[in-house]
Amino acid sequence: MSQLDALASRCNYAGYFEKHVTYPPSGLLPLPGKSTSADPGCDAWDIIFEAALIINPAFNIYRIFDTFPILWDVLGFPGSFEQVQVSPIYFDREDVKKAIHAPVDVSWKECSDINVFPNGDASTPSALSVLPNVIEKSNRTVIVHGLADFILIAEGTRIVIQNMTWNGKQGFQTPIANDSFIVDGVGALGNTHNERGLTYVEVQLSGHMVPQFSPVAAFQIMQYLMGARATP
């Protein structure tokens, strides 16, 4: 922890959230370093991941509370490392491919090993380009975040929202209330907030693949997005 504390202080991470992520925002949020990537010597993610694996070799970056035994999954994923308890994976079976009219000569994986951006992605971040326009021209726009994820971290999404301008204002004007996302028949399962056509939902006990980790919550959110219910 002392190593992380020193890194946070040196790299301008310490106190950033409390100082800059306010409701409403006081202006554009500054970068802690020189770019949207970590400055040299400021990568805290790998330090945390390597330390977590020492304590818990089954540490799952997609759902941080997973431990041994690693449960079987029909998709063989997600996890910090690929887990194939049954081979071939269900959707890679020839009979399944034929049944769903998929090419039998193509291997199936939930996440491809092929780089979909072989030359990199130089596009402007969506929150600073197309997303505000999507919100303004849609009846409902929903951003969903799983709170148990170590790949996509909720504080980063909150920072992006507070740095984005849509429908004439920057960010949410009032704070996101804790335990405000209520799932039917379950109770409070996260936090949600809505302003000016944008709804943000944080789902407890789930990684960012919410339909896989929390299907009931995902279905309720989809009902809201499609206009089948008044609240998420």
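Just the heavy atoms: all of them, side chains too, but no hydrogens, waters or symmetry mates, feed the values below. Throughout, numbering of the chain's residues begins at 1 and tracks the sequence.
F219 and V203 sit in two unconnected hydrophobic clusters of ILVMFWY residues. Membership requires side-chain heavy atoms under 4.5 Å apart, directly or through other members. I159 and L147 are not part of a single hydrophobic cluster, where members link through side-chain heavy atoms under 4.5 Å apart. Residues L152 and I161 do not share a hydrophobic cluster, clusters being chains of Ile/Leu/Val/Met/Phe/Trp/Tyr side chains in contact below 4.5 Å. Two different hydrophobic clusters hold L205 and I64 under the rule that ILVMFWY side chains link at heavy-atom gaps under 4.5 Å. If you chain together hydrophobic residues whose side chains sit under 4.5 Å apart, L189 and L225 fall into the same group.
Using a cutoff of 4.0 Å between basic side-chain nitrogens and carboxylate oxygens, K97 and D92 are scored as salt-bridged. D184 has a carboxylate O that lies under 4.0 Å from a charged side-chain N of R229, or vice versa, which qualifies the two as a salt bridge.
Proximity of a side-chain donor or acceptor of D149 to a complementary backbone N or O of G207 within less than 3.5 Å is not detected. Side-chain N or O atoms of Q220 include one that pairs as donor or acceptor with a backbone N or O of I182 at under 3.5 Å. Using a distance-only test at 3.5 Å, with no hydrogens or angles considered, no donor-acceptor pair links the side chain of E202 to the main chain of V144. Under the 3.5 Å distance criterion, the side-chain polar atoms of S138 are left unmatched by any main-chain donor or acceptor of I135.
A pairwise comparison of heavy atoms in F213 and S206 identifies CB-OG, 3.4 Å as the closest pair. In terms of heavy-atom proximity, A44 sits nearest to L7 at CB-CD2, 3.9 Å. Shown here for T124 and S129, the closest heavy-atom pair between the two residues is O-OG, 3.5 Å. Nearest approach of V160 to A127, heavy atoms of both residues: CG1-CB, 3.3 Å. Residues S126 and P132 approach most closely at O-CD, 3.7 Å, considering heavy atoms. Across all their heavy atoms, F181 and P232 have their closest contact at CE1-O, 3.0 Å.
The shortest distance between side-chain heavy atoms of N60 and F150 does not fall below 4.5 Å. Contact of the K169 side chain with the R196 side chain is registered, since non-hydrogen atoms from C-beta on lie closer than 4.5 Å. Contact of the I143 side chain with the T199 side chain is not registered, since no non-hydrogen atoms from C-beta on lie closer than 4.5 Å. When side chains are defined from C-beta on, F59 does not count as touching I48, because their heavy atoms never get closer than 4.5 Å. Contact check for Y200 versus T192: no side-chain heavy atoms found under the 4.5 Å cut-off. With a 4.5 Å cut-off on side-chain heavy atoms, L75 and Y90 do not count as touching. You'll find the side chain of W166 stays beyond 4.5 Å of the side chain of V134, heavy atoms only. Contact check for M164 versus L198: side-chain heavy atoms found under the 4.5 Å cut-off.
Annotation: H193 is in aromatic contact with F172 [ring centroid separation under 6.0 Å].
With sequence neighbours left out, the side-chain hydrogen bond (donor to acceptor under 3.5 Å, both in side chains) criterion links D95 to R93. Considering only residues two or more places apart in sequence or on other chains, F17 meets the ring pair (Phe, Tyr, Trp, His ring centres under 6.0 Å) condition with none of them. H208 meets the ring pair (Phe, Tyr, Trp, His ring centres under 6.0 Å) test with Y62; sequence neighbours excluded.
Both the sub-6.0 Å distance and the 45° axial angle are satisfied by R140 relative to the ring of Y224.
Rounding to the nearest 0.5 Å places OG1 of T67 at 6.0 Å from CG of N56. Taken from OG1 in T22 to CG in L29, the straight-line distance is 7.0 Å, to the nearest 0.5 Å. Rounding to the nearest 0.5 Å gives a distance of 12.0 Å between NE2 of H145 and CG of N191. One finds the CG atom of N119 at 11.0 Å from the CG atom of D121 (value rounded to the nearest 0.5 Å). In this structure, the separation between CD on Q223 and CE on M226 is 10.5 Å, given to the nearest 0.5 Å. Once rounded to the nearest 0.5 Å, the distance linking CG of L4 with SG of C11 reads 10.5 Å.
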**OP:** Carefully, step by step, assess I70 and D66 under the rule side-chain contact (heavy atoms from CB on, under 4.5 Å).
**Re:** CA-CA 8 Å; I70 298 172; D66 284 6; over 6 Å; no
**OP:** Just do the side-chain contact (heavy atoms from CB on, under 4.5 Å) check on I176 and R158 with the steps written out, would you?
**Re:** CA-CA 10 Å; I176 302 168; R158 289 194 179 203; 3.8 Å; yes
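No more than 12 heavy atoms of other residues, nucleotides or ligands lie within 6.0 Å of CD1 in I114, so this atom counts as exposed by the packing criterion.
Side-chain contact annotation: Y16 with E18, donor-acceptor N/O pair under 3.5 Å absent. Side-chain N/O atoms of E195 and T174 include a donor and acceptor closer than 3.5 Å.
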